[in-house]
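Throughout, protein chains are lettered first and strands after them, A, B, ... in sequence-line order, and every chain is numbered starting at 1. Quick caveat: nothing in here was measured; it's all calculated off a predicted structure.
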Amino acid sequence: MNKKALIAMSGGVDSSVAAALMIQEGYECIGCTMKLFENKEEGEARPKSCCSLDDVNDARRVSHALGMPYYVFNYKKDFEEKIIRKFVQSYEHGVTPNPCIDCNRYMKFDKLYERAKLLGYDTIVTGHYARVEFINGKYVLKKSVDETKDQSYVLYDLTQEKLKHIQFPLGGLTKTRVREIAEEYGFLNANKKDSQDICFVPDGDYAKVMLQYGGNVLPKGDFIDTDGNIIGQHQGISHYTIGQRKGLGISFPEPRYVTHVDPKEHTITLGKNEDLFETTFQVKDVNWISGEVPSEAFDCKVKVRYRQKEQTAIVIPTSADTVLVQYFVKERAITPGQAAVFYMDDVILGGGVIEKIT
RNA sequence: AGGGCUAUCGCCAAGCGGUAAGGCACAGCACUUUGACUGCUGCAUUCGCAAGUUCGAAUCUUGCUAGCCCUG
C-alpha cells in the first residue's frame with residue numbers, strides 16, 4: 001500500500017525541499033499551508049516572515065511543480081485562541097513567551113495532524129531541522145546534523161505518539177545542501193531569505209499586535225536599580241525581557257540590562273550584565289519525550305534560550321511535570337516563559353517552561 | 001555681598017599648547033522565537049560666549065554668562 005504524507009508548507013525553501021524528498025522516497029503527498037492569521041499586508045513582500053499571500057503562492061507553485069495537490073487550511077480562530085492570546089497574556093504577566101513552540105505543539109502537530117488523519121494521511125512532514133529515529137522500540141528526537149540550523153529546541157514538546165507520525169526529511173542535511181537541492185529542482189524560492197521573526201508580528205511591533213488582539217494597555221512605570229531606587233520611566237512591562245539591553249533609552253557609564261520584570265508593581269529592574277547570571281530555576285509543564293519521568297536526578301545539558309548554547313546542569317524531577325535545574329556554572333538571562341530543554345549529547349530528552357528563579 | 005570651583009556630543013568623561021579618546025544612549029546592517037543577547041558600521045571641523053597671546057589653543061590671558069560650593 002502507498003505511503004501517504006501531508007507536507008506542511010510555509011512557502012520557504014525548507015518545506016519545499018522536504019516535500020521533494022518525501023516524493024523521492026515514494027510517498028504519495030499533498031502540500032498544505034495553514035492560514036494562521038489575517039495578513040494585513042496582502043500582496044506586499046514580507047521577506048522576513050512566512051505565511052503571507054506571496055508565501056502561499058510560492059507553496060502552491062512548488063506543490064504543483066512537484067505534481068502534488070495543495071490546500072490552504074484556515075486555522076485563524078484556533079491560532080488566535082491558542083497561540084496569540086497566550087502570547088499576549090504572557091507579556092502582560094511579565095513573562096517572555098515563545099509562540100513558535102506553542103504553534104508546533106497545538107497547530108502543526110495537533111490540529112494539522114488531526115486534519116491529515118481525516119484525509120487519510122498518517123504522516124505529517126515539516127521542514128524542521130531535527131531528526132527522528134526509532135531506537136529500541138522508542139522514538140528518539142535528535143538535533144539536526146547542521147548544528148547552526150538545529151531547531152530541536154522548539155520541538156521539545158513532542159511525544160511518542162506524535163513522533164510516530166512525524167518526519168523531518170531535512171534533519172540529516174545542511175542548509176547549504178537544502179538550497180542546492182532546491183536549485184536542482186528549480187524551485188522559485190531556492191534563494192528566498194530564511195524566515196525569521198515571529199510570523200504574526202510584523203516589524204517586531206508586538207505592542208501593536210497586543211492591542212489588536214485584545215491586550216490591555218499596560219501602564220508605564222519605573223525603572224529601578226538593584227537597590228530599588230527609581231532611575232527612569234519605562235514604556236510598559238510588555239516591552240521588556242530579561243537580559244535586554246537595547247531600547248532602554250537610559251544611559252549609564254556601563255551598559256544596563258533588564259534583570260527583573262515585576263508585573264504587579266509594573267517596575268523593571270536594571271542591573272549590570274553580571275547581575276543576569278543564575279544557577280537554579282524551576283521548570284513547569286515538563287514533557288519527557290520518552291514518555292517516562294526520570295526517577296532520580298541526573299546530569300545533562302540544558303538550554304534556556306533559542307540561540308544560547310546548552311550548558312551542563314543537574315536536573316531534579318520534582319513531580320510528573322516539574323523539575324528543578326541547577327547549573328554547574330551560572331547561566332545568563334534565565335527568563336520565565338522561555339523553554340528549558342534537556343539534551344543528552346544530540347538527543348532531546350524533553351523540556352518545559354521556565355517558571356521562576358529560586 | 002565677598003571667596004573658591006566647574007563649564008568638551010542627548011548622558012558620563014579623556015584631554016594639560018600641536019591640530020577632539022572612550023563608555024552609555026541612539027541609528028543602520030548581520031544574526032535571530034524575542035524592539036533580547038552578541039558582532040560590525042555610523043554618530044562633536046568642534047570644546048559656554050567674546051576678545052587676546054602664539055606658526056599653532058579645548059588646552060595660556062582677559063572680560064562676560066551659567067551652575068556648584070564656602071563665608072556673611
Check your understanding: Parallel, tilted or perpendicular: which fits the ring planes of A:Y71 and A:F73, with parallel below 30° and perpendicular above 60°?
Key -> parallel
Practice item. For the residue pair A:F37 and A:F79, categorise the inter-ring angle as parallel (less than 30°), tilted (30 to 60°) or perpendicular (more than 60°). Key: tilted
Look through every strand shown and name the nucleotide pairing with [N] as Watson-Crick or G-U wobble, where both distances are under 3.5 Å.
N     : answer
B:U6  : B:A66
B:C31 : none
B:C37 : none
B:A14 : none
B:G56 : none
B:U45 : none
B:U71 : B:A1

Does [X] qualify as a cation-pi partner of [Y], given the criterion of NZ or CZ under 6.0 Å from the six-membered ring centre and within 45 degrees of its axis?
X      : Y      : value
A:R115 : A:Y121 : no
A:K143 : A:Y343 : yes
A:R131 : A:F168 : no

Study note, to complete from the structure: Assert: residue with more 5' nearest nucleotide on RNA chain B, out of A:T148 and A:P253, is A:P253
Review point. A:I224: which other cluster members, linking ILVMFWY side chains closer than 4.5 Å, directly or transitively?
Key: A:I230
For [X] and [N], give me the distance from atom [atom1] to atom [atom2], rounded to whole Å.
X      : N     : atom1 : atom2 : value
A:N98  : B:U33 : CG    : C1'   : 4 Å
A:K193 : B:A30 : NZ    : P     : 6 Å
A:Y156 : B:U33 : OH    : P     : 16 Å
A:I231 : B:A25 : CD1   : P     : 12 Å
A:I237 : B:G35 : CD1   : C1'   : 16 Å
A:Y153 : B:U33 : OH    : P     : 11 Å
A:I354 : B:U33 : CD1   : C1'   : 13 Å
A:M210 : B:U34 : CE    : C1'   : 13 Å

In whole angstrom, give me the gap between the [atom1] atoms of [N] and [M].
N     : M     : atom1 : value
B:G42 : B:C49 : C1'   : 31 Å
B:G35 : B:C43 : P     : 28 Å
B:U65 : B:G48 : C1'   : 7 Å
B:A44 : B:U19 : C1'   : 15 Å
B:A36 : B:U45 : C1'   : 38 Å
B:A57 : B:U8  : C1'   : 14 Å
B:U46 : B:C9  : P     : 13 Å
B:C12 : B:G3  : P     : 29 Å

Point to revise | More than 12 heavy atoms of other groups within 6.0 Å of A:R61 CZ | key: no
Practice item. State whether A:K149 places a side-chain N or O below 4.0 Å from either non-bridging phosphate oxygen (OP1 or OP2) of B:C31. Key: no
Contact class for [X] vs. all strands (heavy atom < 4.0 Å): base, sugar-phosphate, or nothing?
X      : value
A:Q338 : base
A:L248 : sugar-phosphate
A:L276 : nothing

Could you pull out the protein-nucleic contacts involving nucleotides 36-40 of chain B (nitrogen or oxygen on both sides, under 3.5 Å)?
from, atom 1, to, atom 2, distance (Å)
B:A36, O3', A:R245, N, 3.2
B:A36, O2', A:G243, O, 2.9
B:A36, O2', A:Q244, N, 2.9
B:C37, OP1, A:R245, N, 2.9
B:C37, OP1, A:K246, N, 2.4
B:C37, O2', A:R332, NH1, 3.2
B:U38, OP1, A:R245, NH1, 3.2
B:U38, OP1, A:Y257, OH, 2.6
B:U38, OP2, A:R245, NH1, 3.2

Check your understanding: Quick one: are A:T280 and A:Q326 in side-chain contact, heavy atoms under 4.5 Å?
Key -> yes
**Study point:** Within residues 165-176 of chain A or reaching into it, pairs that qualify as salt bridge (Lys or Arg N to Asp or Glu O under 4.0 Å) - sequence neighbours excluded
**Key:** A:D14-A:K175, A:K175-A:D194
